[in-house]
Each structure stands twice: as C-alpha cells, then as structure tokens.
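Encoded as structure tokens, the structure appears first; notes follow it.
These numbers come from a predicted model, not from an experiment. These values consider heavy atoms only, across backbone and side chains, with no hydrogens, waters or symmetry-generated copies. Throughout, numbering of the chain's residues begins at 1 and tracks the sequence.
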Amino acid sequence: MGLTGLELHAWCVPVGRFQGAILVDREVALLTQLMAAEADGVGLKSLSLDVEAGGGFWGGTPQDVLDYWRKLRASLPNTHVSVILDYRFRKQGREAFITPWATRADSLQPMVYPGEFFPAAADMPIERAARP
C-alpha cells in the first residue's frame, strides 16, 4: 500500500529557552530543515505549534515569541503555521503568552480530550474552561 494522496503535517512543541539558553534560532533552523524535507515527492504541508507552559514546553519570554514568529515567517514564508491551544488550564495560556502566538497563526487548533466530555457536573469541563 502506497502513500499516494496522503498529506503530511508536522506537529512540534516550541521551547524557546531552556535553563536560560535561548533556543529560538536553533529551533527555527530545525523546523526550516524539517519543512524542506521530501521523500518520493511527498513533503510536509503545514506546521502546528503546540504552545503550552511548563516543563518541556514553552519557556521563553513574550519577546522570544515575537522573535520566533519573525524568524519562522522569514524562513518559511509559504508554510501554513497553526497554533494548538489548550485552554483547560488558563494559567498555561498566560504563561505561554498565547495571545502573541494565536494572533500570528494562520489557523488555530483547540485541544479537546475525550475525557473532557464525561463530566460529573451539569456543564462540561470544556464549557467551564471557555468562560471568561
């Protein structure tokens, strides 16, 4: 069975900084290399950035977000870049500086987990998380 007709889309977790070291240039260079890869005429169609806070996730500053976007768009001008949003934990959204990520994305992908649809309360957890 071949891969004819399938599209490939990349998903990654930007980190930005780790233990004080700025990783923006290295990450953008790796993503640029990844998006340019092609095998048997099949290449990647889009890039999704999973922006969350916490260990192993975004550790940069708001300025790092702007720098990341500037460099990413310069190196991948024709790539559709989406941002994955997980608003179950509002603290994560604030810590990951979600607004500068989301306002520069070509599309948004909300994270929704099946367990969120089986609440003990009358309203679903996803509804509670979406309230202002």
Side-chain angles (χ1 to χ4, degrees):
M1 175 188 288
L3 297 177
T4 305
L6 289 180
E7 291 185 357
L8 299 175
H9 303 270
W11 167 87
C12 75
V13 176
V15 176
R17 286 180 188 249
F18 182 71
Q19 296 180 341
I22 299 173
L23 303 176
V24 172
D25 289 343
R26 286 179 53 196
E27 288 184 31
V28 170
L30 285 171
L31 290 172
T32 302
Q33 182 180 359
L34 173 72
M35 294 305 295
E38 189 175 298
D40 297 326
V42 178
L44 291 163
K45 297 286 186 184
S46 69
L47 174 63
S48 296
L49 305 175
D50 186 352
V51 182
E52 300 180 46
F57 292 97
W58 184 255
T61 67
Q63 185 56 49
D64 291 336
V65 174
L66 300 177
D67 195 33
Y68 206 101
W69 272 119
R70 182 179 54 77
K71 292 176 178 180
L72 191 65
R73 291 295 190 196
S75 67
L76 297 170
N78 300 316
T79 299
H80 181 98
V81 181
S82 66
V83 170
I84 299 169
L85 304 173
D86 184 347
Y87 263 103
R88 293 174 304 153
F89 306 103
R90 289 181 181 259
K91 180 180 176 188
Q92 281 192 353
R94 285 190 300 277
E95 288 179 3
F97 313 107
I98 200 66
T99 299
W101 286 106
T103 57
R104 288 162 177 79
D106 294 311
S107 65
L108 303 177
Q109 297 181 29
M111 291 286 248
V112 180
Y113 298 93
E116 293 292 300
F117 292 101
F118 301 101
D123 59 344
M124 293 192 287
I126 196 72
E127 293 170 331
R128 290 192 303 272
R131 286 189 197 120

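The shortest side-chain heavy-atom distance between Trp58 and Val15 does not fall under the 4.5 Å cut-off. Side-chain contact check for Leu47 versus Leu72: some heavy-atom pair is nearer than 4.5 Å. Arg17 places a side-chain heavy atom less than 4.5 Å from the side chain of Thr61. Counting heavy atoms from C-beta outward, Pro14 and Trp101 have side chains that approach closer than 4.5 Å.
At a threshold of 4.0 Å, the pair Lys71-Asp64 does not count as salt-bridged, since none of the basic side-chain nitrogens sits closer than that to a carboxylate oxygen.
The CD atom of Gln33 lies 11.5 Å from the OG atom of Ser75; values are rounded to the nearest 0.5 Å. One finds the CD1 atom of Ile22 at 13.5 Å from the OH atom of Tyr68 (value rounded to the nearest 0.5 Å).
Across Pro100 and Val65, no two heavy atoms sit closer than the pair CB-CG1, 3.7 Å. Closest non-hydrogen pair, Cys12 versus Leu49, comes out as SG-CD2, 3.4 Å. Summarising the geometry of Ala10 relative to Leu34, their closest heavy-atom pair is CB-CD2, 4.0 Å, with the distance given to 0.1 Å. The nearest pair of heavy atoms linking Ser46 to His9 is OG-ND1, 2.6 Å.
Distance alone, capped at 3.5 Å, is enough to place a donor-acceptor pair between the Glu27 side chain and the Gly16 backbone. Judged purely by atom type and a 3.5 angstrom limit, Asp106 uses its side chain to pair as donor or acceptor with the backbone of Val81. A distance-only check finds no donor-acceptor pair linking the side chain of Gln109 to the backbone of Ser48 [under 3.5 Å].
Cluster annotation: Trp69 is connected to Leu76 through the hydrophobic network of ILVMFWY side chains, with a link wherever side-chain heavy atoms come within less than 4.5 Å.
Checked against Leu108 for a side-chain contact (heavy atoms from CB on, under 4.5 Å), the options Ile84, Thr103, Val83 give a single hit: Val83. Each of Leu44, Asn78, Leu30 was compared with Met35 under the side-chain contact (heavy atoms from CB on, under 4.5 Å) criterion, and only Leu44 meets it.
Residues satisfying the salt bridge (charged side-chain N to carboxylate O under 4.0 Å, His left out) test with Arg104, not counting sequence neighbours, are none.
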